[in-house]
Structure formats: structure tokens, C-alpha cells
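Numbering of ligands and ligand atoms starts at 1, following listing order. For the single chain, residues carry numbers from 1 onward in sequence order.
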Amino acid sequence: MNTLNLYLSHLDYNYSQIQKQLNPKTQIMAVVKAGAYGSASEAIAKRFEALGVDYLAVAYAEEGEILRNYGIKIPIIVFYPQVDSLKIVLENALEPCLYSRSLLMTFKSLLTATNNKQYPVHIKYNTGLHRLGFPPEDTDWIISQTASNNLNLKSVYSHLAASEDQRPSQLCNQQIALFETIKKAHSVQKNSIPKFHLLNSSGVFNYPELQYDMVRCGIAFHGFANHPKWDALLKPIAVLESGISQIHNVKKGSYVGYDKGWKTPIDSKIATLPLGHADGIGRHFGNHKGSVFIHGIEVPIVGNVCMDMLMIDVTNVKCKPQDIVYFFGTTHNTAASFSKQGKSISYEVLSGLGPRIKRVINE
Ligand SMILES: *Cc1c(COP(=O)(O)O)cnc(C)c1O
């Protein structure tokens with residue numbers, strides 16, 4: 001039925017392409033949040049471990065716990081730990097990113113209560129994305145708090161709000177200037193100086209001179225870096241395919257799908273696919289916005305996308321039930337170009353692919 005084919009050799013290729021942008025000493029953090037961007041987190045995380053990445057990163061503590069249960073041994077960073085999940089952080093030897101005074105203080109008391117010493121933590125600064133992070137003014141407070149014997153401050157970082165924007169970007173430049181100030185302040189710390197990092201996937205390609213000690217890459221491993229020029233250096237790892245359930249010949253002037261979504265302008269042949277908005281192909285791909293490939297021919301999604309199914313117009317295609325239909329692949333019709341048709345982005349479409357789609361791991 002529905003299959004997401006994943007090609008690990010393409011992941012390896014993207015890893016080496018990222019490495020090519022980096023100095024030999026720059027560490028790599030592979031971001032595997034949201035089920036490794038909707039792919040197959042166990043296989044992907046294990047591949048990263050085998051490739052020798054320095055860190056894995058997840059968004060939430062529960063995701064880190066799942067990776068530990070798969071037997072992942074390398075350090076796992078939790079970007080956005082919540083106060084009520086700090087116990088999971090400790091129980092699974094995860095490394096939290098602390099982003100507020102209250103979170104830091106709560107975590108410290110937990111470390112004291114559990115008699116933990118030198119526990120590895122990371123500090124996240126807000127330099128302009130205004131999502132999570134300490135304000136730059138908190139640097140002195142953070143330095144004094146992290147000098148405690150409970151904590152081992154491993155790294156200090158921030159996140160660019162528009163790392164793919166053409167340079168010079170005023171917003172990024174402001175963030176970079178703030179980060180430099182923060183870095184200087186932390187560099188006078190008497191205990192060991194933490195590592196610094198700022199770049200995500202597109203940042204690696206757009207600001208290679210700002211790689212500091214480490215980079216944090218997610219989408220680039222999946223073959224995308226938010227610009228055609230950088231995408232061309234990478235290989236998409238995923239192919240989403242489905243198969244035709246049934247074909248209808250409908251007369252001119254018939255309605256296809258819920259709410260009279262589409263009225264056939266001519267006698268038409270409509271194929272139904274077993275994939276709908278519950279699987280991550282949202283309604284915004286319906287009504288001729290999105291298209292798929294069947295026997296090499298591009299055909300539109302017609303009518304409204306249903307929860308479990310969607311319809312395509314195959315009037316001009318010789319096809320039969322069970323024939324394979326491609327939503328996106330590794331060459332011209334990638335997840336990035338498919339996403340664009342629905343005014344979405346590769347991140348959203350990939351991470352939104354539902355559990356009913358079978359993941360198949362290929363070398
Ligand atoms: C998700 C995330 C990344 C990875 O971003 P990509 O654009 O996928 O490389 C890096 N850093 C942080 C803090 C993130 O949340």
C-alpha cells in the first residue's frame with residue numbers, strides 16, 4: 001500500500017557533503033527530533049551512531065527515552081525539555097538544553113536531590129528568534145549558576161531565525177553580533193570553557209565561517225537545505241509511493257469527492273489512492289494544488305483530500321488498480337518541490353507523514 005522508502009546510502013552521502021563544508025575539528029550534531037523528521041528514527045539514529053556523529057538531538061525528553069530504548073549509546077541532547085519531564089532526562093542520561101531561569105533552578109534542585117555531580121547541560125540563548133532561550137543580559141547570572149558543582153556546562157548556543165536568507169541578512173547579523181558578545185562573556189569562565197554553536201543545515205552552507213565548535217543538522221541529512229543551490233549538493237533520502245485502489249470512469253459534469261470538490265469538465269477517469277490527510281497529505285494539496293507521478297506522467301490531485309484517501313485525474317494515463325503512484329522521490333520531484341505545491345515546506349510534509357505509511361529501510 002503506502003510506502004516511504006528510505007535510502008541510507010543517501011544519508012551517508014549527505015553526511016559527507018556536510019563534512020566537506022566543515023573544518024576537521026567541527027563536531028556534528030545530528031537532529032533526529034519528530035521521529036527523525038518523519039522517517040524512521042531507530043534506523044536513522046543507529047546509522048548516525050555508526051557514522052560517528054558527536055551528538056544526537058531531539059526536541060523533547062520522551063523522544064530521547066525512545067532512542068535510549070532502541071539502544072542508542074551516544075550523547076543525546078534535548079533541545080526543549082519541559083519542567084515536568086526533567087526526571088525522564090535524568091533517568092535516560094539525556095543532556096538538557098536549559099533556556100530559562102526557572103528551568104535551570106528546577107533542574108539544579110533535582111540534581112542536588114538525586115546527588116548528581118557535573119551533569120552535562122547546554123544553555124540556549126534567544127538572540128532574535130523569540131521562541132525559547134535566555135536573554136543575552138542573563139549571561140552573568142548563567143555563568144555564576146553554572147559554576148556550581150552540580151553542572152557541567154558543555155555548550156552554549158543560539159539559533160538563527162533566517163539562516164537561509166540571502167546574505168547580508170540584517171536579522172541574522174544582529175543575532176550573530178549578540179552571539180559573539182555572549183561567547184566572549186562565557187570565554188572568561190574559570191572552569192572549562194563550553195563549546196559554542198549557532199548553525200542549522202542552511203546555516204552550514206550560508207555561513208560556513210560561523211561553524212564555531214559544532215553544527216546542528218537535521219533537514220540536510222534528508223537532502224534539503226532550503227535553497228536549490230544547496231539542495232543540489234545533497235540527495236533526498238525518501239521516496240513516498242502509493243498504489244491505486246480503484247478507478248472510476250465518470251461522466252462530464254460529475255462531482256468528485258466531498259463537498260462537490262471538483263466537477264469534471266469532460267468524461268474523466270479518476271483513480272483513488274489510500275492516502276489522505278490523516279497520513280499527512282493535507283487538504284491544501286487537494287483541488288489541483290498537488291500532483292503525483294504515475295508511469296512517469298504528472299497528474300493532479302482532484303477534489304478535496306479525504307481523511308483516508310484522495311483522488312487523482314488519470315484520464316490521459318493508461319493505468320490499472322495497484323499501479324504505483326509517486327508523491328515524491330529522490331530526483332526531480334522531491335519532497336521539497338511537492339511541499340511547495342501545497343504552500344508547505346519539506347520539514348512539515350516529512351515530519352507529518354503518519355504511522356499508517358510503512359517505512360522501508362534500504363541501503
Ligand atoms: C530542529 C533544530 C535544528 C535543525 O535544523 P535543520 O534546519 O533541520 O538543520 C537545529 N537547531 C535547533 C535548535 C533545532 O530546533
Notebook entry, point to check: Got an N/O contact under 3.5 Å between Ala220 and ligand 1?
Noted result: no
Next item on the list: Give a yes or no on whether the backbone of Thr26 and the side-chain of Asn23 come within a donor-acceptor separation of less than 3.5 Å.
Entry: no
Next item on the list: Taking only Lys NZ, Arg NE, NH1 and NH2, and the carboxylate oxygens of Asp or Glu, determine whether Arg47 and Glu363 approach each other closer than 4.0 Å.
Entry: yes
Item checked: Distance from atom 7 (O) of ligand 1 to nearest protein heavy atom, with residue and atom -> Tyr347 OH, 2.6 Å
Next item on the list: Check Lys195, Met214, Lys183, Lys124 against Tyr157 for a side chain to side chain contact (heavy atoms under 4.5 Å, CB included) and give me the one that passes.
Entry: Lys124
Note to self: Whether Arg356 and Asp308 form a salt bridge (side-chain N of Lys/Arg under 4.0 Å from carboxylate O of Asp/Glu) is what I want to check.
What the structure shows: yes
Item checked: Side-chain (Thr334) to main-chain (Thr331) donor-acceptor, under 3.5 angstrom -> no
Next item on the list: Examine the proximity of ligand 1 to Ile219 and report which part, side chain or backbone, both or neither, has a heavy atom under 4.0 Å away.
Entry: both
Check: Would a distance-only check, ignoring hydrogens and angles, find a side-chain to backbone donor-acceptor pair under 3.5 Å from Arg359 to Thr3?
Finding: no
Check: What protein heavy atom sits nearest atom 9 (O) of ligand 1, and how far away is it?
Finding: Ser201 OG, 2.5 Å
Check: Of the choices Tyr80, Phe79, Tyr37, which has the non-hydrogen atom that lies closest to atom 4 (C) of ligand 1?
Finding: Tyr37
Check: Between His159 and ligand 1, which part of the residue brings a heavy atom under 4.0 Å of the ligand: side chain, backbone, both or neither?
Finding: side chain
Next item on the list: Can you label the angle between the Phe285 ring and the Phe338 ring as parallel, tilted or perpendicular, going by 30° and 60°?
Entry: parallel
Check: Between Cys217 and ligand 1, which residue portion shows a heavy-atom distance shorter than 4.0 Å: side chain, backbone, both, or neither?
Finding: backbone
Check: For atom 1 (C) of ligand 1, what is the nearest protein heavy atom, given as residue, atom name and distance?
Finding: Lys33 NZ, 1.4 Å
Next item on the list: Identify the protein heavy atom lying closest to atom 11 (N) of ligand 1, giving its residue, its atom name and the separation to 0.1 Å.
Entry: Arg216 NE, 2.8 Å
